[in-house]
Amino acid sequence: MTEKLLSPLRTRPWPERWLTRTLGVVLATAAYALCVPSGAVPASDEADGGAGVVLAVILVVLAGYFGHRDDLAWPLLVVAVGPAVLMYVSFEAERPLAWASATLVIAAGTLVVAGVGRWFRPREEDSNDGLLCAAGHRS
């Protein structure tokens, strides 16, 4: 069961890949919707600090998980896009600079954590490695 939950998504059947990605988008979007009140700026007095920490932890875990399992662009789409869209709608396009900076922070954090998650992937053996090494030692 652990192998199925942690194996790269590219090795899984396409319905499982898309269901996993969709579930990630739903979780990230729901976490933002539950942790940040409607119309509140995440870094303002309107938003509760504890809820912001919970949101950050959920997004970090999701970014690490999808960074470990999927290609590098997918964690950005799965984890950061849902909260960015909800944030844009809740700001009502009145504060574009606040939206852009918050989106940049979420996207950059997602990419960094996804990169760390990719670093913990098991290393795949390249079938040509042995051939190149063996050819280099011949004299």
Side-chain angles (χ1 to χ4, degrees):
M1 185 67 172
T2 304
E3 178 184 327
K4 188 174 182 178
L5 290 175
L6 295 176
S7 65
L9 283 177
R10 69 180 176 276
T11 63
R12 309 305 308 162
W14 73 267
E16 184 179 337
R17 276 186 292 213
W18 287 103
L19 183 63
T20 304
R21 291 171 181 154
T22 303
L23 183 62
V25 169
V26 168
L27 286 173
T29 306
Y32 181 85
L34 292 173
C35 292
V36 178
S38 180
V41 179
S44 72
D45 296 335
E46 301 168 1
D48 184 26
V53 171
V54 170
L55 175 64
V57 167
I58 291 171
L59 294 181
V60 163
V61 168
L62 284 172
Y65 178 72
F66 282 99
H68 181 76
R69 286 199 73 189
D70 218 343
D71 295 329
L72 191 57
W74 280 109
L76 186 63
L77 293 173
V78 169
V79 177
V81 169
V85 168
L86 284 181
M87 198 180 319
Y88 184 77
V89 169
S90 70
F91 285 2
E92 299 170 353
E94 293 176 3
R95 300 174 277 210
L97 188 58
W99 173 79
S101 61
T103 300
L104 181 64
V105 167
I106 292 172
T110 299
L111 285 176
V112 167
V113 173
V116 171
R118 288 176 64 82
W119 190 69
F120 285 105
R121 278 185 177 179
R123 190 169 172 170
E124 296 177 7
E125 295 295 326
D126 187 11
S127 61
N128 292 334
D129 281 347
L131 296 174
L132 295 175
C133 291
H137 292 293
R138 290 185 187 174
S139 297

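FYI, side chains are in, hydrogens and waters are out, and symmetry mates aren't considered; it's all heavy atoms of this structure.
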Path from [X] to [Y] over hydrophobic side-chain contacts below 4.5 Å:
| X | Y | answer |
| --- | --- | --- |
| Val116 | Leu77 | no |
| Val85 | Leu55 | yes |
| Val112 | Leu62 | no |
| Val113 | Ile106 | no |
| Leu111 | Trp119 | no |

Can you give me the closest heavy-atom contact between [X] and [Y], atom names plus distance?
| X | Y | value |
| --- | --- | --- |
| Ala98 | Phe91 | C-CE2, 3.8 Å |
| Pro75 | Ala63 | CB-O, 4.3 Å |
| Cys35 | Ala51 | O-CB, 3.1 Å |

(request) For the pair Trp99 (side chain) and Ala84 (backbone), establish whether a donor and an acceptor sit closer than 3.5 Å, ignoring hydrogens and angles. (result) yes

(message) Can a donor-acceptor pair be found, under 3.5 Å and without considering hydrogens, that links the side chain of Arg118 to the backbone of Gly67?
(response) no

(message) Is any side-chain heavy atom of Phe66 closer than 4.5 Å to one of Thr20?
(response) yes

(message) Apply the hydrophobic cluster definition, ILVMFWY joined by side-chain contacts under 4.5 Å directly or through others, and give me every member besides Leu19.
(response) none

(request) Under 4.5 Å between side-chain heavy atoms, chaining through other members, with only Ile, Leu, Val, Met, Phe, Trp and Tyr counted: pull out the rest of the cluster around Val26, sorted by chain and number. (result) none

(request) Scan Leu23, Thr110, Thr22, Val25 and name whichever one has a side chain to side chain contact (heavy atoms under 4.5 Å, CB included) with Val78. (result) Val25

Got a second to check how far [X]'s [atom1] is from [Y]'s [atom2], nearest 0.5 Å?
| X | Y | atom1 | atom2 | answer |
| --- | --- | --- | --- | --- |
| Leu9 | Thr11 | CG | OG1 | 7.5 Å |
| Leu27 | Leu59 | CG | CG | 10.5 Å |
| Arg69 | Arg12 | CZ | CZ | 7.0 Å |
| Arg10 | Asp71 | CZ | CG | 6.5 Å |
| Thr29 | Leu34 | OG1 | CG | 10.5 Å |

(message) Once side chain to side chain donor-acceptor pair (under 3.5 Å) is applied, do any residues pair with Arg21, and if so which ones, sequence neighbours excluded?
(response) Asp70

